Amino acid sequence: MRYLVLDVENSVTHHEYTNRNGDIKKHIDMGPYGPKNYLVSVGFQWVGDEEGSYFCIKHNEQQPTLSARESIQFALDQCDVLIGHNLKHDLKWLHECGFTYDGPTHCTQIAEFVLLRGRKASLKLKSLAEKYKVSDKKIDLTEGYLADGVGFEAMPWDIVEEYGRGDVNTTTELYIAQRDTIDEDDNKGLWPTVRMMNAFMYAIIEMEKNGISVDFDELGKIKADYIKEHAQLQRELTEMAQAVIGDTPVRLTSNDFLSELLFSRKVTDKNKWKEVFGIRKDHRGKDLPRTRMKNKPFNVALQRNSTVTKRTVVEACPICDGAGTLPKFKKDGSPYKKFPKCTRCLGETVVYTPTHKVAGFKLKPTDVNDLAAHGFATNTDKLERLLHNAKDEARLFIEKYARYNAVSSYISTFVEGIERYTGGDGILHTSLNQTIASTGRLSSSGPNLHNQPRGNTFPVRRAFVSRFDGGKMLKADYGQLEFRGAGYLSGCTIVRGDIDNGVDVHSYTRDTINAYDNEPDITRQDAKSDTFKPLYGGMSGSPRQVNYYKSFLAKYSGVTAWHEKLKTEALTTKRVVLPSGREYAFPGAQRLQGGYVKGTTQIVNWPVQGFATGDLVPLGVLSVYRKMKARTDLKSVMMITVHDDLEIDVYPGEEEEVTKIITEGLLDLNAMCMEFYNLDFKYPLEVEVSIGPNLLDQDTIATEHN
DNA sequence: CCGTCTACGTA
DNA sequence: CGTACGTAGACGGA
């Protein structure tokens, strides 16, 4: 067997843009799909050799290496396993530059990610070299250049070559050390996951390459509508706010301001505030439980640590007389060129004098959970809960404000995100990252296409259209995949029975919750989060929610028993092992005083999320990828996967063929699990296919079962 | 300038 | 004691 370690360097493009505040922001395009980027150099080394080869492809000073292309392709043709650190990047470049390789791979970043078993640690080559104590001889002169915006194409060639050869060398030694580590008895069960993720990498490269086609005319219209709505809301909200605060300037985009406006109180000392109410986060950035306080002490603490905000009247600063500056003279009596800011108005030229009238909407927080580090929480869910005690004007303001916040997000994050990352070819090549999420599912960035508002309500989806004249956008979703995955993993017969009988678990959730009391009815969509909460170890909520969670655990007793089994496994082995071979480490698992197992929510959540969307979906997508590759006559292309779906840009006339391929591929999990995990995975699955002219207007055309 | 906090959205 | 993500803007301390 011949093992080839390879690494490419490429030019990058710096994209600068101005946001709506006038701030200049930038991002760097490292990929091969921008028309400006090009391949600078390629280095490779055979495992077992002392030294490798290095080739110049295109560099400002250095002549391209003679016969570089032939030598590189020859090596690729000879190799049995291609190795690299973040090999997806190198393969994308090789493919775009006309090289061919589609054989087995070993990405050291993927392998290390699997070995980490869900723990977070740096996956940079440098960090791994330290961890495995392999030589990292290269003197890293490139960082300084890169920081100054000098790319590999413009650095002195001897630095590029030294760095490149060093990288290949380090990766070679890392590969050997890492392979030996995975071969150890304690780790060898991870090989199937490593191999699966390497195989799946090809499907990801295909999707990143194909990307999604954007209709800029349509996007422009949608943006214009949003901007109009945003401006209107801003006017109305400003007016409403101004009416209750006097002359104080309105700053709608500031959470500090909103907190003070809604609750009519200003925090005296933010650090003290956090301390008193126990507003802290753990190392992962998650909220820790806050100080438990009964009503009375809570209100006393509120009063002690904040002051009531008063309406103001504006007047010219009495100290500087409205100049904003105070005259200052040198020793010789001549004036300074620039006078310092006025100490009273701080250069604002005006001062706001409090009146005796309370400012703002005078909302009352119910408990510590309505607070935030800066003052009072102003997010939509919390505010919604306070709505029923609020006066009409406050309620109207809050409702408008929620929409204002949402529209701001739609414009900045979604519309402008799409605009700035879409290249000149009109295609959005978002990144699908394999080594980020602890559970093993993908993440998406540049921009994130995994968090677009769902379904048929978000007009921005209308701007995602087929790249083919008369083409269609097709989407296939697994139905209730995580619920089914939990059913499989737990072996719960009640879950299985419900699936076999076509019981819709979310409707069951909705009906159970609605039947409990006279609170307003929830919809099936609302009920989804309630279905999943107990599945993932959640138990807190309103009385009717808690009632449902209890009944869920009682009904699906197999799931409840499985939760106990997982906790025992985590306690005794500090690990949880999935049928695929994927593992999660819980080094801190221990039983606390009250019997609660530390980390329970992750112990019961990760296996469900990871098995469904990290182990199964990739196999389904990979199967579709293979089927599409095998059909060289088809022109349709895979675009993206969003956790439990797969989206394809369909060439006119290929609708039926693609529907068949996508359903057969996604339902092909028994054979795929056998191939990759040596697992006889038999469980009823459902795939629903929809199609339309864009990603907004979609009609369901098929529902298939295995 | 950079990290923290808040808020938005998804499966 | 639902979990897993990415992005943007405001703010405050270096």
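Treat the numbers as computed from the prediction; the structure is a model and nothing was measured. In what follows, every chain begins at residue 1, and chains take the letters A, B, ... in the order their sequences are listed.
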Looking at CG of A/L571 and CD of A/Q590, how far apart are the two atoms once the value is rounded to the nearest 0.5 Å?
-> 9.0 Å
Are a donor atom and an acceptor atom from the side chains of A/Y421 and A/T430 found within less than 3.5 Å of each other?
-> no
Among C/dG2, C/dC11, B/dC8, the nucleotide that comes nearest once only the side chain of A/N379 is considered | B/dC8
Nearest-nucleotide pick for A/T413, side chain only, options being C/dA8, B/dT6, B/dC8 | C/dA8
Any idea which of C/dG9, B/dT6, C/dA4 is nearest the A/A372 side chain?
-> B/dT6
State whether A/T601 places a side-chain N or O below 4.0 Å from either non-bridging phosphate oxygen (OP1 or OP2) of C/dC1.
-> no
Who is the Watson-Crick or G-U wobble partner of B/dG9, with both distances under 3.5 Å?
-> C/dC5
Remember a base hit wins even if backbone is also touched, and classify A/A377 as base, sugar-phosphate or nothing at under 4.0 Å, heavy atoms.
-> sugar-phosphate
Side chain of A/T253 only, please: which of C/dT7, C/dA10, B/dG9 is the nearest?
-> C/dA10
Between A/T600 and C/dC1, is there a side-chain N or O to OP1/OP2 distance below 4.0 Å?
-> no
Touch check for A/F257, heavy atoms < 4.0 angstrom, all strands: base, sugar-phosphate only, or nothing?
-> nothing
For A/I436, which contact category applies under a 4.0 Å heavy-atom criterion: base, sugar-phosphate, or nothing?
-> sugar-phosphate
In terms of side-chain heavy atoms of A/N448, which of B/dC8, B/dG9, C/dC11 is nearest?
-> B/dG9
When you measure from the side chain of A/R395 to the backbone N and O of A/A390, does any donor-acceptor pair fall under 3.5 Å?
-> yes
Taking only N and O in the side chain of A/R251, is any of them less than 4.0 Å away from OP1 or OP2 of C/dC11?
-> yes
Which part of the nucleic acid, if any, lies within reach of A/R420 when heavy atoms closer than 4.0 Å are counted: base, sugar-phosphate only, or nothing?
-> sugar-phosphate
Under 4.0 angstrom, heavy atoms only, what part of the nucleic acid is A/K598 near: base, sugar-phosphate, or nothing?
-> nothing
Within the structure shown, what part of the strands sits under 4.0 Å from A/S254 by heavy-atom distance: base, sugar-phosphate, or nothing?
-> sugar-phosphate
Counting any heavy atom closer than 4.0 Å, what does A/S408 reach on the DNA or RNA strands: base, sugar-phosphate only, or nothing?
-> nothing
Is the backbone N or O of A/F376 less than 3.5 Å from a side-chain atom of A/K382, with the two atoms forming a donor-acceptor pair by type?
-> no
Name the closest nucleotide to the A/A437 side chain, picking from B/dC8, C/dC5, C/dG2.
-> C/dC5
B/dC5 phosphate, OP1 or OP2, under 4.0 Å from A/K270 side-chain N/O = no
Ignoring backbone atoms, establish whether A/T378 has a side-chain N or O less than 4.0 Å from OP1 or OP2 of B/dA7.
-> yes
Just checking A/D645: base, sugar-phosphate only, or nothing, at a heavy-atom cut-off of under 4.0 Å?
-> nothing
Please state whether the phosphate of C/dG2, meaning OP1 or OP2, lies under 4.0 angstrom from any side-chain nitrogen or oxygen of A/Q602.
-> no
Scan A/K281 against the nucleic acid and name what it touches under 4.0 Å (heavy atoms): base, sugar-phosphate only, or nothing.
-> sugar-phosphate
Distance-only donor-acceptor check, side chains A/D504 and A/Y508, under 3.5 Å = no
Measure from CD on A/Q452 to P on C/dT7 and round the result to the nearest Å.
-> 13 Å
Mind checking A/G417 for me? I need base, sugar-phosphate or nothing, with any heavy atom below 4.0 Å counting as a touch.
-> nothing
Rounded to the Å, how far apart are A/D287 CG and C/dA4 P?
-> 14 Å
Among C/dG6, B/dA11, B/dG9, which nucleotide sits nearest the side chain of A/R441?
-> B/dA11
Run the salt bridge (Lys or Arg N to Asp or Glu O under 4.0 Å) check on A/K475 and A/E688 step by step: do they pass?
-> CA-CA 8 Å; A/K475 218 160 96 64; A/E688 187 180 286; over 6 Å; no
Upstream residue (5' side of DNA chain C) when A/N271 and A/G537 are each assigned their closest nucleotide = A/G537
Does the B/dA11 base have a donor-acceptor partner in the side chain of A/R454 within less than 3.5 Å?
-> no
Give one of base, sugar-phosphate or nothing for A/P453, where a contact means two heavy atoms less than 4.0 Å apart.
-> sugar-phosphate
Candidates C/dA4, C/dG6, C/dC11 - which lies nearest the side chain of A/N433 = C/dG6
Give A/Q609 one of three labels, base, sugar-phosphate or nothing, depending on what nucleic acid heavy atoms sit under 4.0 Å from its own.
-> base
Distance-only, no hydrogens or angles: does the A/Q545 side chain make a donor-acceptor pair with backbone N or O of A/I513 under 3.5 Å?
-> no
